[in-house]
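Written out below as structure tokens is the structure these notes cover.
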Amino acid sequence: WHVMDGIQGELKLDRPQLILMGLLLGCDYCDGVRGVGIVNAVEILRAFPDVPGLQEFRNWMYSTDRFDFAEKCSDPVMVRARQEFASKHAKIRKNWEA
């Protein structure tokens, strides 16, 4: 339990988010998102912290038009976090492939 507390304290991610991190980075059960490393995975999970959020991340990643994060998310703080993430990663997302 102490190891998990340390990981959660350092990364600020809970157990379900650590599982999602495994999906982003790749694990024994999936290939992950090509081009996403630990830093990007943490940034992704801060903006898209759950399964529906990761689905929205994927939709944004493959979108070609301006993406409306408020369409599926009613939390203005989370919408802003997603908009900031999208702005910061607008060019690099072309290198990611799920």
Side-chain angles (χ1 to χ4, degrees):
W1 294 114
H2 298 290
V3 173
M4 186 64 178
D5 290 341
I7 292 170
Q8 288 177 327
E10 186 73 27
L11 296 177
K12 307 290 189 259
L13 300 172
D14 59 20
R15 184 177 173 84
Q17 290 172 321
L18 290 173
I19 293 168
L20 295 176
M21 180 182 279
L23 295 175
L24 286 169
L25 296 174
C27 59
D28 291 346
Y29 307 104
C30 68
D31 293 331
V33 179
R34 185 178 59 82
V36 170
I38 185 87
V39 172
N40 284 146
V42 170
E43 291 174 337
I44 291 165
L45 289 172
R46 293 231 168 92
F48 305 92
D50 52 23
V51 171
L54 283 188
Q55 291 168 334
E56 188 171 10
F57 165 74
R58 184 183 183 281
N59 292 340
W60 167 78
M61 193 174 78
Y62 287 117
S63 69
T64 55
D65 298 325
R66 183 170 162 79
F67 196 84
D68 182 11
F69 289 106
E71 182 180 320
K72 299 231 173 150
C73 182
S74 60
D75 179 356
V77 173
M78 193 56 63
V79 169
R80 182 71 186 139
R82 291 174 182 183
Q83 290 168 336
E84 289 173 3
F85 174 88
S87 176
K88 179 179 177 183
H89 296 87
K91 292 186 172 116
I92 195 168
R93 74 177 173 168
K94 293 172 179 50
N95 298 328
W96 296 337
E97 184 178 319

[atom1]-[atom2] distance between [X] and [Y], expressed to the nearest 0.5 angstrom:
X: I38; Y: L24; atom1: CD1; atom2: CG; answer: 10.0 Å
X: D5; Y: E10; atom1: CG; atom2: CD; answer: 13.0 Å
X: L54; Y: I44; atom1: CG; atom2: CD1; answer: 7.5 Å
X: L45; Y: D14; atom1: CG; atom2: CG; answer: 9.5 Å
X: F85; Y: F57; atom1: CZ; atom2: CZ; answer: 5.0 Å
X: Q83; Y: C73; atom1: CD; atom2: SG; answer: 9.5 Å

Angle between ring planes, F69 versus W60, binned at 30° and 60°: parallel, tilted or perpendicular?
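The rings of F69 and W60 sit tilted, inter-plane angle from 30° to 60°.
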
Are [X] and [Y] close enough that some pair of their side-chain heavy atoms sits under 4.5 Å apart?
X: M21; Y: Q17; value: no
X: H89; Y: W96; value: yes
X: Q8; Y: L13; value: no

Flag yes if [X] and [Y] sit in one hydrophobic cluster, no otherwise; membership is Ile, Leu, Val, Met, Phe, Trp, Tyr, and two members link when side-chain heavy atoms are under 4.5 Å apart.
X: V51; Y: L18; result: yes
X: Y62; Y: F48; result: yes
X: V39; Y: L20; result: yes
X: M78; Y: F67; result: no

Give the minimum heavy-atom separation between [X] and [Y], together with the two atoms involved.
X: A47; Y: A81; result: CB-O, 4.1 Å
X: V36; Y: A41; result: CG1-N, 3.7 Å
X: G35; Y: N40; result: O-OD1, 4.2 Å

Check against side-chain contact (heavy atoms from CB on, under 4.5 Å), R93 and S63
CA-CA 10 Å; R93 74 177 173 168; S63 69; 3.3 Å; yes

Taking salt bridge (Lys or Arg N to Asp or Glu O under 4.0 Å) as the cut-off, I'd like each qualifying pair that reaches into residues 27-55, sequence neighbours left out, listed once.
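Every pair satisfying salt bridge (Lys or Arg N to Asp or Glu O under 4.0 Å) with a residue in residues 27-55: R34-E97, E43-K88.
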
